[in-house]
Amino acid sequence: HVVSSTRMIITVTPNPSFDQTMHLDALVPGDVHRASEVTLEAGGKGINVARALALAGVEAAAVFPGGRQDGEHLGSLLDVIYALSPISVPVDRPIRVNTTVVESDGRTTKLNESGEELDAEGQAKMIAAVNDVAHAGSWVAVCGSLPPGVEADFASRLHASLGGETRLAIDASGAALVHAVEAGCDLIKPNHEELEELVGRPLETLGDIIDVATELHVGGVGAVVVSLGGDGALLVDSEGIAFGTSPVDHVENTVGAGDAFLAGFLAGGASGITALSEALAWGRAAVSSPLTAFPPATDDDRAAVTVSTNPDRALRLDS
């Protein structure tokens, strides 16, 4: 089902993590809890994207900074995934630990560390490592938060260092998203809240989202794909406007759903209805799984997707 027309997809995770997931019946603030299950996985948005791609048989590499022992440990957690190339850039900083608490009703609480500083030398090593593996036709996806010491223009600097035929996707928020828009990158993937923050006003209807996404595309962004949680997702690119949904009977875990969505979009060719449909199917598979190491999308996931090129602009959004 994967119809990727790209070469290797390289993800860049400036602020990787060890993701610890704890399962509880219910989280009660102030109480002592005993988890029924605890798992440890390699984490960070770009790593999640690369892992989802590799599990689906798409060639992917994950570039991330890490101290020697931390980097080797995180890389070893990824080596079990067939065809995923972990590229640990040696820097003098530990990898942060993020904790996710998942309750029996599906409610999720995240406790994230900020991460240690990544200095200018470490940033230069990251950019060089990406250039070593990127080729004409490759997609490079910069995903997630920036650690202390890294300015918001990091992705723009990376973009400038790459050849013109290498395409850049950004999954970021705040100032980093502003820089991505100003640089006219090939793809941005904000969620509803991040898009509202970008424009500085509420976006209450699908029409509001369409108007902003269209303005960004006309202004120079190649493709704007907006994930809207349970409401679905919108795409505006050179092929036009498309809005899709993929209902889920029972949400197990929302952590990583946006990463799965981006992975599916890139694997689906990164443009048009085909890519949006694949993204929605991958996102559905992710929220149906209790782990952030979500399984590949199934035929049932794809059959649940509905896409329209003439959506109801008056639709009010709950996400």
Side-chain angles (χ1 to χ4, degrees), residues 14-15 45 49 107-110 112 114 141-146 150-157 159 168-247 251 254-262 265 270-273 275-276 279-280 283 287 306-319:
N15 205 11
K45 293 180 71 64
V49 171
R107 187 172 67 168
T108 300
T109 302
K110 285 190 67 66
N112 290 348
S114 297
V142 181
C143 306
S145 64
L146 299 175
V150 179
E151 298 296 331
D153 66 347
F154 173 78
S156 300
R157 287 185 279 126
H159 195 196
L168 184 69
I170 303 294
D171 185 1
S173 59
L177 180 58
V178 172
H179 275 279
V181 170
E182 292 175 348
C185 70
D186 300 286
L187 167 66
I188 60 172
K189 192 216 71 66
N191 60 27
H192 189 178
E193 181 180 355
E194 291 163 347
L195 194 64
E196 287 184 327
E197 181 184 11
L198 178 67
V199 298
R201 65 178 186 273
L203 302 173
E204 299 177 347
T205 68
L206 183 58
D208 294 336
I209 301 288
I210 290 172
D211 290 342
V212 171
T214 300
E215 180 180 347
L216 292 172
H217 172 60
V218 172
V221 178
V224 180
V225 57
V226 186
S227 55
L228 298 169
D231 290 320
L234 174 79
L235 168 66
V236 177
D237 65 5
S238 60
E239 296 189 21
I241 297 170
F243 172 72
T245 60
S246 53
V251 174
T254 59
V255 177
D259 306 328
F261 180 90
L262 177 58
F265 191 80
S271 67
I273 291 175
L276 181 63
L280 287 162
V287 300
T306 301
V307 176
S308 170
T309 57
N310 186 30
D312 179 9
R313 290 178 53 91
L315 176 68
R316 299 196 68 83
L317 302 172
D318 295 326
S319 61

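Heavy atoms only: backbone and side chains are in, while hydrogens, waters and symmetry mates are out.
- Listed by first and then second residue, the salt bridge (charged side-chain N to carboxylate O under 4.0 Å, His left out) pairs involving residues 187-210 are Glu204-Arg316 (not counting sequence neighbours).
- Leu228 pairs with exactly one of Asn191, Leu206, Leu195, Leu203 by the side-chain contact (heavy atoms from CB on, under 4.5 Å) rule, that one being Leu206.
- Legend: residues meeting salt bridge (Lys or Arg N to Asp or Glu O under 4.0 Å) with Asp186, ordered by chain and number and at least two apart, are absent.
- Across Ala155 and Ile170, no two heavy atoms sit closer than the pair CB-CD1, 3.3 Å.
- Here the NE2 atom belonging to His179 is positioned 15.0 Å from the NE2 atom belonging to His159, to the nearest 0.5 angstrom.
- For Ser173, there are no side-chain hydrogen bond (donor to acceptor under 3.5 Å, both in side chains) partners two or more places apart in sequence or in a different chain.
- Note that CG of Leu168 and CD1 of Ile188 are 11.5 Å apart. Values are rounded to the nearest 0.5 Å.
- At distances below 3.5 Å, at least one donor-acceptor pair connects side-chain atoms of His217 with backbone N or O atoms of Gly222.
- Looking at every heavy atom in both residues, Ser114 comes nearest to Asn15 through O-ND2, 2.9 Å.
- Considering every non-hydrogen atom in both Leu280 and Ala233, the closest pair reads CD2-CB, 3.9 Å.
- Annotation: salt bridge (charged side-chain N to carboxylate O under 4.0 Å, His left out) contacts involving residues 211-226, sequence neighbours excluded, comprise Asp211-Arg313.
- For the residue pair Leu234 and Ala213, the shortest heavy atom distance occurs at CD2-CB, 4.1 Å.
- One finds the CD1 atom of Ile209 at 4.0 Å from the NE2 atom of His192 (value rounded to the nearest 0.5 Å).
- Shortest non-hydrogen contact noted between Cys143 and Pro14 is O-CD, 3.6 Å.
- When side chains are defined from C-beta on, Leu198 does not count as touching Val212, because their heavy atoms never get closer than 4.5 Å.
- Here the side chains of Pro311 and Ile210 are in contact, with some heavy-atom distance below 4.5 Å.
- Within the structure, salt bridge (charged side-chain N to carboxylate O under 4.0 Å, His left out) contacts touching residues 169-183 (residues at least two apart or in different chains) are Lys45-Asp171.
- Atoms CG and OG1, from Leu317 and Thr205 in turn, are 6.5 Å apart once rounded to the nearest 0.5 Å.
- One finds the CZ atom of Phe261 at 8.5 Å from the OG atom of Ser246 (value rounded to the nearest 0.5 Å).
- Among all heavy-atom pairs drawn from Asp318 and Asp231, the shortest one is N-OD2, 2.7 Å.
- Every residue two or more places apart in sequence or in another chain that forms a side-chain contact (heavy atoms from CB on, under 4.5 Å) with Ala223 is listed here: Leu187, Leu235, Asp237.
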